[in-house]
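Chain A is the first sequence line, chain B the second, and so forth, proteins listed ahead of strands; every chain is numbered from 1.
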Amino acid sequence: MCKRQSRSISSWLPVAGTGLMIFVIAFPAWASLGGDSASIQADQLQMRGTRQTIPAESYTVHEIQAATGVVVREYISRDGKVFGLAWHGPWPPDMRQLLGSYFEQYVQAAKAQSVSRMGRRPLMIDHPAFVVHLSGHPRAFAGMAYVPGILPPGVRAEEIQ
Amino acid sequence: MRALRILFIFAILPAFMFLCSCGGGSSRSSSSISPSQTITTSGTNVASISVNGGPLGNYDDAAFASVTVCVPGTSTCQTVDNVLVDTGSSGLRILSSALTVALPQQNASNGNPVFECFPFISGYTWGPVQTADVEIAGEKASSAAVEVIGTNTPVPSGCLDFGLPSSGTLDALGANGILGVGLFAQDCGADCPTTIYYECPSSNCQGISESLAQQVANPVSLFATDNNGVIIELQAVSGGEQPSVSGSLVFGIATQSNNALGGATVYTANPTSGNFTTTYNGTAYPESFIDSGSNGFYFLSSSVSGVPACGGDASGFYCPSSTANISATNQGTNGTSRTVNFSIANADTLFGSNDSALADLGGPSSMSAPYFFDWGLPFFFGRNVFVAIQGQNAPGGTPPYWAY
C-alpha cells in the first residue's frame, strides 16, 4: 500500500530536491485556498479520509484521499499559506470548502463563462486574483486552483497537479 | 433524392476534396474522413440526429435527437425534440419547461420524493427523479428513472457547493434535455456519494445513497433488445463547416444486420473513469476520453500544443492564424492504438459564420497539468463511433469500450 502510494505521489511531483519523504497520517484534514496551515486542523472534520504530507523544496504538499474517491492535494508554502490546490475523482469536490474566501468569486466567474458562449467545455477561470480549472465528465473530474499572488518564488503553476 | 445526396457525400465529395487538396494553400481537411463510412438510415433501431444549432440556434457542434417519454404502461406520451446526445454521461434528463406530461415521482422508502443534482463541468442539473417509458425509434426502456431538471425546489447546499452554474433553463442548457448514452448503465454508479441524490421532504433536502436500481439509467441498457450500446453516425463536414449535418443514432452493437462492428477498432476504457490514453508528441495522457457532449476538440494547453489560444469573445478556444494539423494516438486499456489526425481552425473566424457544424473547432482542455484530450463532437464527423455499455456483452472486447 505504502509503496504503491509513494510511487504514485512521486510521479505527480516534479521533484527538484533529493530524499523525498512521505508521512502517512491517518486523520482527516482540509484547508482552504489562501488560508494558512492552521485551517487544515480547523477543517479536518469536513472530509473523511487519509492524509499524506510530502515535503518538497519550497513547499509542502498535503494529499487527502477522501472516502468518496476524491483526491485533493494542497500546496503549502514555507510561510504556511495554501497557495494551490489540485483534485481529481469521480465527482467534483466541495468547492466552497476548498476555495474558501475565493468561492463566491469563483461561482460568479463560472457563471459568466457559462453564459459567454453556448456549449459544454472545460471551465477555465483566469481571474487576476485566482485561477481555477475544472474539466472532465461524470465519473472522472479533475481540477486545480491557485493564487498567483502567493506562489512561492521559483514555483511554477505547472507544479500544482 | 436522399440516396443521391448520400452518393454525393460519400462518392463524389471525397474526390472533390482530393482535388482541392492538390491546390495546396488553405486546405481545410477535417478529422480524417473514412472513405468507407456508411450511415444507416433505416431500421427500428435507428433514430435520426442532427447537428443544427439546437432549439436556440446558438449551439455549435452538438447533436440533437427526439425522445418520447410516456407515463409508464400508458399511451400518455410526449415527444421532446432537441435533446442533446451525450456519450460523456448516462441517463435521460429533460427540462421541466419542455415537459407537458406528468410523470410519476420516484420516492425513497420513507415516502419522500427523490431529487438529483448531477454535475457537468458546464453546470449542474437539479430536479426530481421521475419514471417514464422512454421510446426512441422502435426501442423502449420501460419504467426508466429520468431526471426532470429546472424545477423550483430549492437547491441543497451539497449541490450548490460544487460551485457550478445551473443548467436548469433552456437558455442555460441550449437543449430541451440531455440523452446520456455513455459507457455506463447508470449515471452515478455503485460508489455514488451523497452529494448527487437527495430525498426532499417539504423542506430541507438530505443527501442519500441511491441504489443502482433506482439511479437515473442509460435508457439503452433498459431496451429489450439492442441494449449493449449505440453507434453515433454523423456525416463528414464538407469544407470545414456547414449550417448543419445529419446522421443516425443506432442502437445495439452487432445485434442487427445494420449495426455490425465491421472493421472498427475497439478501444476499451477504464471501467471506473471511462477514460483511455491519448499520446501526443511522445507524452501519454491517460485521462483522455471521447464525448459527443463536448462541443469541440479540447486538448492540452496552448503552450503544450503550440496552437495559439483566442482572446476576447472566443476565449477558451484555439485561434491559430492558419489551420493547425494535429496528430495524436489513442490507446485503449486493451492495448489497441491508432493515430488520429485532425485540424484546428481559428475559432474567431468559425464563430463569424452562421454554421453550426464546425469540423475544426477546438480549444485547450486546461492551462496547466494534468493535460488530456477530450475528443468532442467534431471527432464524430465522418466517423461512426461505437459506445459499448459496461456490464453488457459486445463483440471485439469487454465493455466499457469505444470503437471506430
If I measure from the heavy atoms of chain B, does Ser135(A) come under 4.5 Å with its side chain, its backbone, both, or neither?
both
So which of Leu183(B), Leu164(B), Asp187(B) has the largest heavy-atom pair count under 4.5 angstrom toward chain A?
Asp187(B)
Heavy-atom closest pair (Ala110(A) atom, Gly163(B) atom, distance to 0.1 Å) is CB-O, 4.0 Å
So what's closer than 4.5 Å to chain A heavy atoms on Ala172(B): side chain, backbone, both or neither?
backbone
So which heavy atom on Met118(A) is nearest to which on Asn58(B), and how close?
CB-O, 3.4 Å
Could you look at Asp61(B) and say if it's the side chain, the backbone, both or neither that has a heavy atom under 4.5 Å from chain A?
neither
Distance col, row Met144(A):CE vs Ser366(B):OG, nearest 0.5 angstrom, shows 8.0 Å
I need the residue from Pro165(B), Gly376(B), Ser273(B), Cys188(B) with the largest number of non-hydrogen atom pairs under 4.5 Å to chain A.
Cys188(B)
Any chance you could lay out the side chain to side chain contact (heavy atoms under 4.5 Å, CB included) test for His137(A) and Asn275(B), step after step, and finish with the verdict?
CA-CA 10 Å; His137(A) 55 90; Asn275(B) 289 337; 2.7 Å; yes
Side chain, backbone, both or neither: which part of Tyr298(B) has a heavy atom under 4.5 Å from chain A?
side chain
Is Ile196(B) close to chain A through its backbone or its side chain, or both, or neither, when contacts mean heavy atoms under 4.5 Å?
side chain
Top of Gly89(A), Gly136(A), Gly69(A) for chain B proximity - count of heavy-atom pairs under 4.5 angstrom:
Gly136(A)
Taking atom CG as the centre, does Asp191(B) end up with more than 12 heavy-atom neighbours from other residues, nucleotides or ligands that are less than 6.0 angstrom away?
no
In short, Ser365(B) meets Pro122(A) closest at the heavy-atom pair O-CB, 3.5 Å
Is it the side chain or the backbone of Ser166(B) that comes within 4.5 Å of chain A heavy atoms, both, or neither?
neither
Grab the two heavy atoms, one from Gln390(B) and one from Arg139(A), that are nearest each other, plus how far apart they are.
OE1-NH1, 4.4 Å
Among Gly123(B), Gly363(B), Gly54(B), Gly189(B), who wins on heavy-atom pairs under 4.5 Å with chain A?
Gly189(B)
Measuring from Asp94(A):CG to Asp161(B):CG, what's the distance to the nearest 0.5 Å?
4.5 Å
Of the listed residues (Trp91(A), Phe103(A), Phe141(A), Tyr106(A)), which shares the most heavy-atom pairs with chain B below a 4.5 Å separation?
Trp91(A)
Is it the backbone or the side chain of Phe289(B) that comes under 4.5 Å from a heavy atom of chain A, or both, or neither?
side chain
Measure the shortest side-chain to side-chain distance between Ser368(B) and Gln161(A) over non-hydrogen atoms and say whether it is less than 4.5 angstrom.
no
Should Pro138(A) and Ser89(B) count as side-chain neighbours, where that means a heavy-atom distance under 4.5 Å?
yes
Bottom line for Asn270(B): the part with an atom under 4.5 Å from chain A's heavy atoms is neither
In terms of heavy-atom pairs under 4.5 Å with chain A, which of Phe372(B), Phe317(B), Phe351(B) leads?
Phe351(B)
Contact part of Tyr371(B) toward chain A, heavy-atom cut-off under 4.5 Å: side chain, backbone, both or neither?
side chain
Taking every non-hydrogen pair under 4.5 Å, which of Gly180(B), Pro193(B), Ser167(B), Ala62(B) racks up the most with chain A?
Pro193(B)
Give, as side chain, backbone, both or neither, the part of Leu361(B) having an atom under 4.5 angstrom from any heavy atom of chain A.
neither
For Val115(A), is it the side chain, the backbone, both or neither that has a heavy atom under 4.5 Å from a heavy atom of chain B?
neither
Just so I understand: if I count every heavy-atom pair under 4.5 Å between each of Gln113(A), Met124(A), Arg121(A) and chain B, which residue has the most?
Arg121(A)
What part of Pro92(A) is in contact with chain B, defined as an atom under 4.5 angstrom from a non-hydrogen atom: side chain, backbone, both or neither?
both
Looking only at Gly274(B), Gly293(B), Gly296(B), the option with the highest number of non-hydrogen pairs under 4.5 Å against chain A is Gly293(B)
Contact check, side chains of Leu84(B) and Arg120(A), non-hydrogen atoms, under 4.5 Å:
yes
